[in-house]
Q: 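Before I ask anything, here is the structure I am working with.
Per chain, numbering begins at 1; letters A, B, ... match sequence-line order.
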Amino acid sequence: MVPLETSLQQLFGFTTFRTGQRAALTALEAGQDTLAVLPTGAGKTLIYQLYGYRHPGCVVIVSPLLALMNDQVDRMHVAGFRHVAAITSLTSYGERQAILQHLGDYRFLFLSPEMLAQAPVLTRLQQVPISLFVIDEAHCIVQWGPDFRPEYLLLGAIRAKLHAPLTLLLTATADHATRHEISKQLRVHPQVVAETVDRPNIFLDVEAVANDAEKQARLLELVTQLQGPGVVYFSSKQLASETATWLRDQTGLPVAAYHAGLASEDRFKIQQQFMQGDLAVICATSAFGMGIDKNDIRYVIHYHLPADLGSYAQEMGRAGRDGQPSVAILLYAAGDERLPQALNQANRPDDVTIQRFYQQPSHFDPAEPGIALLQFYRAHGISEQAVSDLFARRERERAQALARMVAYVHTTTCLRATWLTAFDESAPAHQATCCAPAGQPLDLAALGLKRSVVAPTPAPARDWRQQLTRLFY
Amino acid sequence: MEPADLLQLLSDQQARRLRVIENLLRGRRTVSTLYWGLRYDLLYLLDLNKHLPRGGLDAVAHTVVANGWAQWGSDEQPQLRLTSAGVHARDQRPYYQPGDVTAWPLLDLNVARQRLLLAIQVTSEYAHQTNRYYPLAVDQATRQTVRRWFYQVRDPALPAQVAAALTATLATLPPTVAAVTTAGLTGYQQPGQTTQQLADQFAITSWEAYLMHVTAVVAVAQAARDPHHVLAPLLAPTWQSPVTRSAQATLATVMTGTPLDRVAAERHIKPSTVREHLLEAAIMLPPTALPYDRLIPAAARQALLAALPQTIDDWEYTALPAELQERYDFFTFRLLAIWQHKRGVD
Ligand SMILES: [Zn+2]
């Protein structure tokens, strides 16, 4: 077999791997199940793409995010890969049948966990050689949230039914306890390839503000002064939209909102505008970011408190993928933790509901939050008591995760140290380019992140004939 | 939709059911929705916003009422009528009027626009010799159709042909419509503006921007009915009868002179369904398409018209004398209203 570097050159035209990629591939080539804990932007997808290129059979990728999967298929097509498909709940019946009938022709197959759990799909998969079984966002196996997919709990059994193929577990974030839990759920003893989650070129900043008005004013100040492009994260669609309009009016900058409430056509356009540099700022919800391949994002501001350090790291980690100085700013007003707290509790059916559900499951609407999950547990023979304990444990875990997020905000010494310690890593010694906890000033000029010239927005060409000409000639 | 958009769909002369407007937008084709759509002159709204949730206009309607621009009627179904303040607010700034919209319900708009937009993107990328780009997120069927079309027509002259075809159509439309439509197109190094961005840029509402876009799509599809048009293979098949296949079949059988109850037996459908099909056809097709004379004999017409008020909107079947209700069913009553409407007798 040719060396890994030769394949890399042939397939991608690169000569060197990024750290982590080579270690994971080496382990896989040695037939070793692998858990790769690599930060966002470390090029996780390259690992299975390259492995699939070097070995016959189909690479099956299980991913929890529908939007992400179709996006991945598109990206792989753009990158020149062929025989790539996705089966999700959004795939039409006819299309699904067509893919399953010609399953042997596919080299890369993306599946949502609930599709994989379906008997016809599983039966077909048992008949084709699987070169690699990939579980993307593997932390979802143990994590709890609106995105939680109970089917992830079945993956261990499903993997066994597929004759325990070589398995690659991918995640951007997992402390030691999470790694252990992932391995246990999947019944594997993987080699762990972990890279530091630290992003040394991202300056960390927390700013305490007195109230919403002050927060808004500070946001305006920052957006006006910072070198773009930037992303501002909100936890509400409405606020993201309103603030985008407000910021555009106040600054004259090209600002747009991005959230799950937009039509897919509009999401596509905003994403492409941002990629090609037409937009200075995106006001987004957590729906933004998956599949965004933009290296020169200079700042990420959080307007609301994220629910845990893992999601915070994921979102702010979209800054500075090019390795250039960037900044992650978290705006915090006392009491901001109440929103994620309330969401944590609201996401979980209480004991009375669980009890009533187990007595009369047919009286409940699966569209209600949490009921589908209860149906799933009940269908899989999990007792009422066990479910109740499970929910209680999840809620405790979420509360602890939020407490660590709040501890980050209240850090007085080194933000990086607080963050990395939460992921069982030790931080480099604090220095001037490291962080500014609440109360310490943020010197944008010193960081080289102050906008030098305010570039006027170029007036869009109004003449439609010229615009048509640019499209076609 | 914003208050300004809803004002355009309301009237001070006629109380209008909010639910009818909502159902037209969502493409719920019940006979009652279609009938009132006809009476309100709003049938062009059919299918324009399939993603609108049920009750999706309630909030904007409440704003319109709160601003004193319209009042709720006392009917069991919420009806809105513009106040004089509402008329004033509506006429305060020019609002885009799409002009002749009779063709809109004849086009499968959602299919046509997806095909058109993707074809433009594919051609534009081809013109710039790129074959690796993010295609617009359209459904699989559209992707396949456009791909097939592209492989058939692929030729260095294609971009110029598409450009010429689009220019020819857009030049016949108001300049703003051409500008808004073009600025929203996606192609090589042009992601295109979102509806919201177009609205901001042109100082119009998002809905207005969308109406302009629809106007252009319908116009291009109209031009593409010419078999020599470069987009004809894609767009010509998106023209359809405004009447469902099933209703077309019923109408065809009725046209042979078969009595309605025999039609039902022959087509294995309920007699009430035959009548619904005929009402649907009556609403959506020109008056010559139905044998009105046979369906409403002269005696019935005279008896009913003598008992009914002048204005069709004031007609109520249940307000007819019991003896007339006994003799003429609701179908005859409603068909007469449609016929009167179509003949411009009001
Ligand atoms: Zn530090």
Q: Answer with side chain, backbone, both or neither: which region of B/Ala141 has an atom nearer than 4.5 Å to a non-hydrogen atom of chain A?
A: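 Neither; nothing under 4.5 Å.
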Q: Can you find a heavy atom in the side chain of A/Arg75 that is under 4.5 Å from one in the side chain of B/Tyr134?
A: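 The answer is yes, as the side chains (C-beta and beyond) meet within the 4.5 Å cut-off.
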Q: At what distance, to the nearest 0.5 angstrom, does CG of A/Asp249 lie from CG of B/Asp200?
A: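 Those atoms lie 8.0 Å apart.
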Q: Kindly give the heavy-atom pair with the smallest separation between A/Asp278 and B/Pro191, and that separation in Å.
A: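 Shortest heavy-atom separation between A/Asp278 and B/Pro191 comes out as OD2-CD, 4.0 Å.
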Q: By a 4.5 Å heavy-atom criterion (distance strictly below it), what part of B/Asp139 contacts chain A: side chain, backbone, both, or neither?
A: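 Contact with chain A involves no heavy atom of B/Asp139 at all.
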Q: Could you tell me if the side chain of B/Arg113 sits less than 4.5 Å from the side chain of A/Glu265, heavy atoms only?
A: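 They are in side-chain contact.
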Q: If every non-hydrogen atom of A/Leu471 is compared with every non-hydrogen atom of B/Thr186, which pair is closest and at what distance?
A: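 Looking at all heavy atoms of both residues, the closest pair is CD2-C, 4.3 Å.
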Q: Tell me, do B/Leu170 and A/Leu468 make a side-chain contact under 4.5 Å, heavy atoms counted?
A: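 Side-chain contact under 4.5 Å: yes.
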Q: More than 12 heavy atoms of other residues, nucleotides or ligands under 6.0 Å from CZ of B/Arg93: yes or no?
A: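 For B/Arg93, atom CZ is crowded (more than 12 foreign heavy atoms under 6.0 Å).
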Q: At a 4.5 Å cut-off on heavy atoms, which part of A/Ala263 comes close to chain B: side chain, backbone, both, or neither?
A: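 Neither part.
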Q: For residues A/Gln276 and B/Gln190, report the shortest heavy-atom separation together with the two atoms involved.
A: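 That would be OE1-N, 4.2 Å.
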Q: Rounded to the nearest 0.5 Å, what separation is found between the CD atom of B/Glu125 and the CZ atom of A/Phe472?
A: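 Interatomic distance, B/Glu125 CD to A/Phe472 CZ, rounded to 0.5 Å: 10.5 Å.
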Q: Using a cut-off of under 4.5 Å for heavy-atom pairs, which of B/Gly187, B/Pro175, B/Pro159 has the most such pairs with chain A?
A: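 Counting heavy-atom pairs under 4.5 Å, the top option is B/Pro159.
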Q: Could you grab the distance from atom CG of B/Leu136 to atom CG of A/Asp74, nearest 0.5 Å is fine?
A: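 Nearest 0.5 Å value for the CG-CG distance: 10.5 Å.
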Q: Which answer fits B/Leu158, side chain, backbone, both or neither, if we ask what part of it has an atom under 4.5 Å from a heavy atom of chain A?
A: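 No part of B/Leu158 comes within 4.5 Å of chain A.
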Q: For atom CD of A/Gln238, decide whether the heavy atoms of other residues, nucleotides or ligands shown that lie under 6.0 angstrom number more than 12.
A: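 No, because the 6.0 Å sphere around CD of A/Gln238 holds 12 heavy atoms or fewer from other groups.
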Q: For the atom pair CD (A/Gln273) and CD (B/Gln193), what is the distance rounded to the nearest 0.5 Å?
A: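 It is 5.5 Å, given to the nearest 0.5 Å.
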Q: Which bit of A/Glu95 is near chain B, if near means a heavy-atom gap under 4.5 Å: side chain, backbone, both or neither?
A: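 Contact with chain B: side chain only.
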Q: Determine the sole option in B/Thr181, B/Thr167, B/Val177, B/Leu185 for which the side chain to side chain contact (heavy atoms under 4.5 Å, CB included) test with A/Trp464 is passed.
A: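 Exactly one pass, corresponding to B/Thr167.
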Q: Of the listed residues (B/Gln189, B/His51, B/Gln121, B/Gln196), which shares the most heavy-atom pairs with chain A below a 4.5 Å separation?
A: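 Going by pairs under 4.5 Å, I would pick B/Gln189.
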Q: When rounded to the nearest 0.5 angstrom, what distance separates NZ in A/Lys269 from CD in B/Gln197?
A: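 Rounded to the nearest 0.5 Å, the NZ-CD separation comes out at 8.5 Å.
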